Structure formats: structure tokens, C-alpha cells
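Source: prediction; values computed, not measured.
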Amino acid sequence: MTDHGPQPVERQLPTEESRALISLVRDLTQREIAPTAAEEEDAGHFPREVFGLLSASGLLALPYAEEFGGGDQPYEVYLQVLEELAAARLTVGLGVSVHTLACHALAGYGTKEQRQTHLPAMLGGGLLGAYCLSEPAAGSDAAALRTRATRVGDTWTIEGTKAWTTHGGIADFYTVLARTGGEGPHGITAFLVPGDAPGLTAAPPERKMGMKGSPTAQLHFDGVEVADARRLGDEGQGFAIALSALDSGRLGIAACAVGVAQAALDQALSFTQERRQFGHPVADFQGLRFMLADMATQIEAGRALYLAAARLRDTGRPFAKQAAMAKLFCSDAAMRVTTDAVQLMGGYGYTADFPAERYMREAKALQIVEGTNQIQRMVVARHLAGPESH
């Protein structure tokens with residue numbers, strides 16, 4: 001191995017505290033996550049014990065207020081933590097992003113009493129959350145959801161099916177979007193539903209091409225009763241709450257994508273420096289060097305894009321367009337970088353003996369989740385040119 005192998009990412013961090021946090025996360029990933037990632041992903045094992053450790057370490061609470069047990073960290077820092085976690089194992093990085101998304105409605109729109117009652121346990125009590133928006137017939141067109149909540153007195157009864165739920169069947173709580181009024185986006189309300197609510201069941205997890213350790217499942221709500229005290233925000237405000245959560249969640253996906261791409265580049269760089277052909281390390285050949293340079297450039301560009309969007313969010317400025325751009329660019333870049341990593345490693349890259357093929361399969365998911373990249377292009381175009389005329 002030469003002296004020019006993979007090095008830890010040089011990060012721009014605002015405080016000494018955040019630099020210490022990244023150091024802690026790197027130590028934790030190398031000790032508790034990376035060593036078993038390949039084996040556990042192959043076995044489809046969800047690392048619940050790791051999430052317990054992350055919760056105890058404050059890493060499930062980073063962007064939320066200290067008053068309720070959060071870490072009070074800016075998104076600029078939180079996203080770089082996500083990137084480090086995803087580089088070690090995407091199931092963990094994406095899981096933290098989904099948990100953060102599941103806490104968003106309560107933290108941002110709940111009453112003070114609701115936050116005092118529920119947030120401390122959600123943020124640091126070992127609980128794991130999930131987010132229920134998509135349905136079998138309402139994916140990209142989320143405003144067409146059919147799951148319905150009907151009110152009688154102070155109790156809502158939820159009926160319907162949610163789809164593509166990360167942590168479906170294992171989460172301790174679900175942020176659920178259900179229809180309480182008429183058709184369209186204005187008839188939707190958000191609820192905080194306990195994971196053990198009677199009438200709530202999960203289908204067997206989907207059989208996926210990648211991220212086998214992260215369960216994705218349909219959820220069936222068969223007369224699930226939820227007290228009005230668990231309604232989040234006003235009646236009919238749910239879709240606006242969901243869109244707000246997704247703007248932030250897309251930044252999480254962007255950071256995870258950069259983490260996976262960075263891991264793939266590091267793997268390819270190590271391999272091409274150690275692998276010798278025609279008497280030289282294959283990293284000496286110009287064609288391969290140019291591929292490595294392009295991979296590194298895409299990663300740096302993606303990191304800069306998601307951090308620029310995060311800084312807008314941290315200063316209270318609009319960031320929806322930049323979040324869509326970051327999710328789009330970073331996940332597309334991750335797909336290109338991981339594909340190139342497999343190519344650079346030749347036949348070895350195609351085998352499960354090396355993680356490059358796993359990174360490639362995982363990157364594909366990131367182009368789909370939390371709004372496909374086609375939807376991201378629509379969002380960006382609307383910011384640029386206004387709504388479609390039809």
C-alpha cells in the first residue's frame with residue numbers, strides 16, 4: 001500500500017465540538033458498524049443494537065432542540081455525521097435519516113405538551129421511528145393517498161395501507177399521513193401512532209436488490225384508534241408538514257449518497273494501487289487515473305451542494321430547491337461512482353468478496369427513495385419556471 005491511499009475526508013466544521021463529534025462517529029463506525037456490515041447485509045440482519053448505541057450516544061437526536069433531549073446541532077454538522085454512518089453501512093445512515101424524518105412533524109408542529117411528552121423518548125430513549133406517506137397507489141403522487149382517519153369524539157380511527165415504509169414492522173412509532181377531509185393535498189392530517197397500536201400490522205418485508213438489512217414493508221391499519229392528543233398540527237395541515245419534512249429528508253439522502261460514493265472511491269483507490277498488471281499498479285494507467293479523478297470530483301461537488309443547502313436551512317432561508325438539487329445530483333453521482341468502482345476492479349468488483357457491488361446496489365435505492373430523481377427535476381423546474389400550465 002502506498003502513502004497515497006484513502007484518507008479521512010477533510011471536513012469543514014463550524015466548532016471544536018463538531019470536530020470532536022465527527023471523531024467520535026468515525027471511531028464508532030470503525031468499531032461497531034463497518035466490521036460486520038457486509039456479513040449482516042448479506043444475512044438481512046437489521047442492527048437494532050447499533051441503533052440503541054446511537055440513541056445512547058445522542059446520534060439519533062442531533063438536529064433537534066436540547067430542551068427535549070436533542071443535540072442542538074446545525075444541519076451542516078448532522079448531515080456530515082450521516083455521511084460518515086452511510087459510508088460504513090447505508091442501512092445505518094439511512095436509518096438515522098428516516099428516524100430524524102419521523103421526528104420532524106412532532107418537533108416542528110407539535111404542541112409544547114406533545115413535545116414534552118413524546119420527544120425525549122423518541123430522541124434519546126432507544127426508540128426507533130418510521131415515516132408513513134407512500135401507499136401502493138400513491139407514490140410520487142403522494143397527495144392522492146387513500147388511508148383515512150375518521151373522528152368520533154376525541155378518537156381517530158385509521159383505515160388503510162401504507163407502502164415502502166423503512167423500518168416497517170420494527171419501528172416503535174410511526175408518523176402517519178392520513179386523509180381526514182376531501183380529495184387533494186388539503187384534506188390530509190398527520191398523526192403519531194405507536195408501533196404496538198392494536199390493528200396495526202406489517203406485511204413481510206420487501207425482497208430488495210440492495211439494503212437487505214433495512215426492512216421495507218407495507219403497513220396495514222385495520223381500525224387503529226389514535227387519540228386526538230396524537231394529532232400533529234392542524235387538521236388538513238398534514239401535506240404541508242409532509243413536504244417540509246421531505247425537504248429536510250432529501251438532504252439526508254444526499255448526504256447518505258455521498259457517503260456511499262466515498263466508500264466506493266476509497267475501495268477502488270485501494271484496489272487499483274495494490275493490484276498490479278503489466279508490472280505496474282493499475283492505478284498508474286492514465287485511463288484509470290482519469291476515472292478516479294472524475295469520481296473524486298463528483299463526490300466533492302455533491303458534498304459542497306448538500307452543505308450549501310444545509311447552511312441555507314440553518315440560517316432560516318428557503319432551501320427546498322437546493323434540497324431537491326442535492327438529492328438529485330448526489331444520488332445520481334453515487335450511481336455513477338459505484339458503477340465505476342465495480343468497473344475499475346474488474347471481475348473482483350463484481351464479486352461479493354469486495355463491497356463495491358454492494359455499494360452499487362445500494363446507490364440505486366437512493367435515486368428512488370424520498371422522491372424519485374424525476375420528481376426532483378420537477379421540483380427544481382417549478383422553482384425555476386413556475387408550475388406547469390396544464
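- Other residues, nucleotides and ligands contribute at most 12 non-hydrogen atoms within 6.0 Å of the CZ atom of R289.
- Within 6.0 Å of atom CD in E113, 12 or fewer heavy atoms from other residues, nucleotides or ligands are found, so the atom counts as exposed in its surroundings.
- Screening Q322, R311, R250, E83 against Y306 for a side chain to side chain donor-acceptor pair (under 3.5 Å) leaves a single residue, E83.
- A 4.5 Å side-chain heavy-atom check between E235 and R231 finds at least one atom pair inside the cut-off.
- A ring-centre distance under 6.0 Å is not found for Y131 and Y174.
- Between the side chain of R148 and the backbone N or O of G181 there is at least one donor-acceptor pair closer than 3.5 Å.
- Taking a 6.0 Å sphere around CZ of R31, one finds it holds more than 12 heavy atoms contributed by other residues, nucleotides or ligands.
- The local environment of NE2 in H45 is crowded, with over 12 non-hydrogen atoms from other residues, nucleotides or ligands closer than 6.0 Å.
- By the 4.5 Å heavy-atom criterion applied to side chains, Q73 and E17 are counted as neighbours.
- Tracing side-chain contacts under 4.5 Å through hydrophobic residues (I, L, V, M, F, W, Y), one reaches L251 starting from V81; they form part of the same cluster.
- With no hydrogens or angles considered, a side-chain donor-acceptor pair links T189 and T180 at under 3.5 Å.
- Side-chain contact check for F221 versus E159: every heavy-atom pair is 4.5 Å or farther apart.
- Interatomic distance, M335 CE to D340 CG, rounded to the nearest 0.5 Å: 10.0 Å.
- In Q116, the CD atom is crowded: over 12 heavy atoms of neighbouring residues, nucleotides or ligands sit closer than 6.0 Å.
- Under a hydrophobic clustering in which Ile, Leu, Val, Met, Phe, Trp and Tyr are joined whenever their side-chain heavy atoms come within less than 4.5 Å, directly or via other members, I368 and L366 fall into different clusters.
- V260 and M360 are members of different hydrophobic clusters when ILVMFWY side chains are connected at heavy-atom separations under 4.5 Å.
- With rounding to the nearest 0.5 Å, the separation of CD in E84 from CG in L24 is 11.0 Å.
- Cluster membership for F51 and V25, using ILVMFWY side-chain heavy atoms within less than 4.5 angstrom, is shared.
- Looking at heavy atoms from C-beta onward, Y109 lies in side-chain contact with H104 at the 4.5 angstrom threshold.
- The ring of H167 has its center no closer than 6.0 angstrom to the ring center of F173.
- For Q343, the CD atom sits in a loose shell: 12 or fewer heavy atoms of surrounding residues, nucleotides or ligands are nearer than 6.0 Å.
- In this structure, E39 places its CD atom where only 12 or fewer heavy-atom neighbours from other residues, nucleotides or ligands lie under 6.0 Å away.
- In this structure, V369 is a member of the same hydrophobic cluster as M211, with clusters built from ILVMFWY side-chain heavy atoms closer than 4.5 Å.
- The line from NZ of K162 to OG of S134 is 7.5 Å long, rounded to the nearest 0.5 Å.
- Considering only heavy atoms from C-beta on, S55 stays 4.5 Å or farther from L127 through its side chain.
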